[in-house]
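Worth knowing before you read on, the calculation uses all heavy atoms, side chains too, and leaves out hydrogens, waters and symmetry mates.
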2 protein chains.
Amino acid sequence: MSKSSGTTPASAQESKSARTRRSLLDAAASVIQSDGVANLTLERVAATANVSKGGLLYHYGTKQDLLNALLDDTLRRADADLEALSDRAGRDRGSFAHAYLDFVRHRSHRDDTAAGVLAAAALDEGDLTIAQRQFARWQRRLLDADGLGETAALLARVVGDGLWLIDLFDLAPPDDRQRAALLDHVGRLIDEA
Amino acid sequence: MSKSSGTTPASAQESKSARTRRSLLDAAASVIQSDGVANLTLERVAATANVSKGGLLYHYGTKQDLLNALLDDTLRRADADLEALSDRAGRDRGSFAHAYLDFVRHRSHRDDTAAGVLAAAALDEGDLTIAQRQFARWQRRLLDADGLGETAALLARVVGDGLWLIDLFDLAPPDDRQRAALLDHVGRLIDEA
DNA sequence: AATACTGTACCGGCTGGACGGTTTTTGTGC
DNA sequence: GCACAAAAACCGTCCAGCCGGTACAGTATT
């Protein structure tokens, strides 16, 4: 097949281990989305990843380890997305704030793993510190390095997080038109601040 | 003591049952706050309420029943608080929106049960519909009966919910000064809308 | 007499984690 | 190239503990 070109797996920068770990993380995310966090069990994750339970425990010695790794991974991806959006914006002021808003613009509650993971971590006495640090970093970025006033920066953050929460729990989310209008409006407020 | 004036408890509009149920709800909230939702067990709730496990199950036949009741109760209180704040505001426009903002103004993540309950319900496959209906009601109230424009109403909602989320998970919440500045600013935006 | 409990004993299922064994990969000397 | 050992990756099973829920007989309260 296309994989393993010969004797040496060589070229791949991914070790076998890393690949398995990734598939375990993906499996965990998938289980959370389809079955809910309450039904997130090691066996189910292992099965979804086509790995035995023992194999899972080899990589993540405890369920908490798995959760932490998943949370970390999810936040890392979100951060990367934000950076990309920020770069693409190419403004001299408020590019990160706009990225923050754009991040939630086209995001339905359907495709959101971060939320479930966050909740899981919170409930299972998990290390929210991972998430807390990340949000602190974003907050600093908005306040110190985005060229906006304090209040404008906070507004972007709070609106973004608010929509995220609403989507997460499906708490009467505004429809697409309302959402777009709100985000446009907030974007304008930020630019004029 | 001040209670039970004589032979008949009479005057009290609270039956024995109602009092016990309340103490069970309070106990559940207390356990969630002190031990986390993950450690919310029927026995612990019963013990905290000075009730036997059998007694708990007499009132709430299943754990889910207890959770639902707690969520309902918490939302009901929040709604009452909002109404009170709205009445006190005494504006002809946007009094509910201002109430919504004031609700989170002086609220630290410490004294927040609703969040934990919400998370618990979400995780335990619970009926989020209770919460969803309540938020839908608030949203309708803001949009239809508060005399504001659509975007202004949504702004109040999203900012309120956003701060709530941030407090809940302690995700780098803005300090008191920043928070006050943000809420004042949003309040002004709403009035000028 | 009805309601509101207490207390205990128990069950059954689930799950996290341990553990010993097996396969695969990797490193090394020849 | 090859043998071969050691380490890494992984399997499958077993177990102990916990927890929700049942059952029920008895006691207190109203």
Side-chain angles (χ1 to χ4, degrees), chain A residues 3-25 27-28 31-32 35-70 120-121 123-126, chain B residues 1 3-28 31-32 35-70 120-121 123-126:
Chain A
K3 290 185 179 180
S4 75
S5 56
T7 49
T8 38
S11 65
Q13 57 266 47
E14 273 184 346
S15 67
K16 178 83 179 300
S17 170
R19 245 175 302 143
T20 304
R21 291 168 79 98
R22 160 128 301 154
S23 81
L24 284 171
L25 256 37
V31 169
I32 287 179
D35 302 348
V37 189
N39 300 317
L40 180 75
T41 161
L42 295 185
E43 261 170 9
R44 210 174 284 207
V45 171
T48 304
N50 288 326
V51 169
S52 74
K53 190 177 172 183
L56 195 168
L57 268 322
Y58 173 80
H59 290 287
Y60 300 103
T62 171
K63 188 179 186 179
Q64 196 61 52
D65 284 350
L66 177 67
L67 260 301
N68 289 138
L70 182 56
L123 294 204
D124 270 342
E125 198 154 327
Chain B
M1 308 304 178
K3 289 186 180 180
S4 75
S5 55
T7 48
T8 39
S11 65
Q13 58 267 47
E14 273 185 345
S15 67
K16 176 81 181 302
S17 170
R19 244 176 301 142
T20 304
R21 291 168 80 96
R22 160 125 304 153
S23 80
L24 283 170
L25 258 36
D26 291 343
V31 169
I32 286 178
D35 302 348
V37 189
N39 300 318
L40 180 75
T41 159
L42 295 184
E43 265 170 6
R44 209 174 284 207
V45 171
T48 304
N50 288 325
V51 170
S52 71
K53 189 180 171 182
L56 193 167
L57 288 170
Y58 175 80
H59 290 288
Y60 300 104
T62 172
K63 187 180 187 178
Q64 196 62 52
D65 285 350
L66 176 67
L67 260 300
N68 288 136
L70 181 56
L123 294 204
D124 270 341
E125 198 154 325

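Atom CZ in B:R21 sits roughly 12 Å away from atom C1' in C:dA4 (whole-Å rounding). We find that CG of B:L56 is positioned 15 Å from P of C:dA4, with the value rounded to whole Å. Note: OH (B:Y60) to P (D:dT22) measures 17 Å, nearest angstrom.
Pairing each heavy atom of A:K63 with each of A:L40, the nearest pair is NZ-O, 2.9 Å. The shortest non-hydrogen separation linking A:L66 to A:Y60 is CD1-CD1, 3.7 Å. B:S23 and B:A49 get closest at one heavy-atom pair: O-CB, 3.8 Å.
Contact annotation: A:T20 side-chain N/O to D:dA9 OP1/OP2 distance is not under 4.0 Å. Between B:H59 and C:dA4 there is no side-chain polar atom (N or O) within less than 4.0 angstrom of OP1 or OP2. Of the side-chain N and O atoms in A:Y58, one or more sit less than 4.0 angstrom from OP1 or OP2 of D:dA9. Between B:S52 and C:dC5 there is no side-chain N or O to OP1 or OP2 distance below 4.0 Å.
Looking at heavy-atom distances under 4.0 Å, B:N50 makes contact with sugar-phosphate atoms alone, never a base.
Note: B:T48 OG1 to B:L56 CG = 10.0 Å, rounded to the nearest 0.5 Å.
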Test side chain to side chain contact (heavy atoms under 4.5 Å, CB included) on B:V31 and B:N39 and set out the steps. CA-CA 8 Å; B:V31 169; B:N39 300 318; 5.7 Å; no
Treat primed atoms plus P, OP1 and OP2 as sugar-phosphate and everything else as base, then score nucleotides 14-20 of chain C 5' to 3': B for base contact with protein heavy atoms under 4.0 Å, S for sugar-phosphate contact only, - for none. --BB---
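Not counting sequence neighbours, the partners of B:R44 by the salt bridge (charged side-chain N to carboxylate O under 4.0 Å, His left out) test are B:D35.
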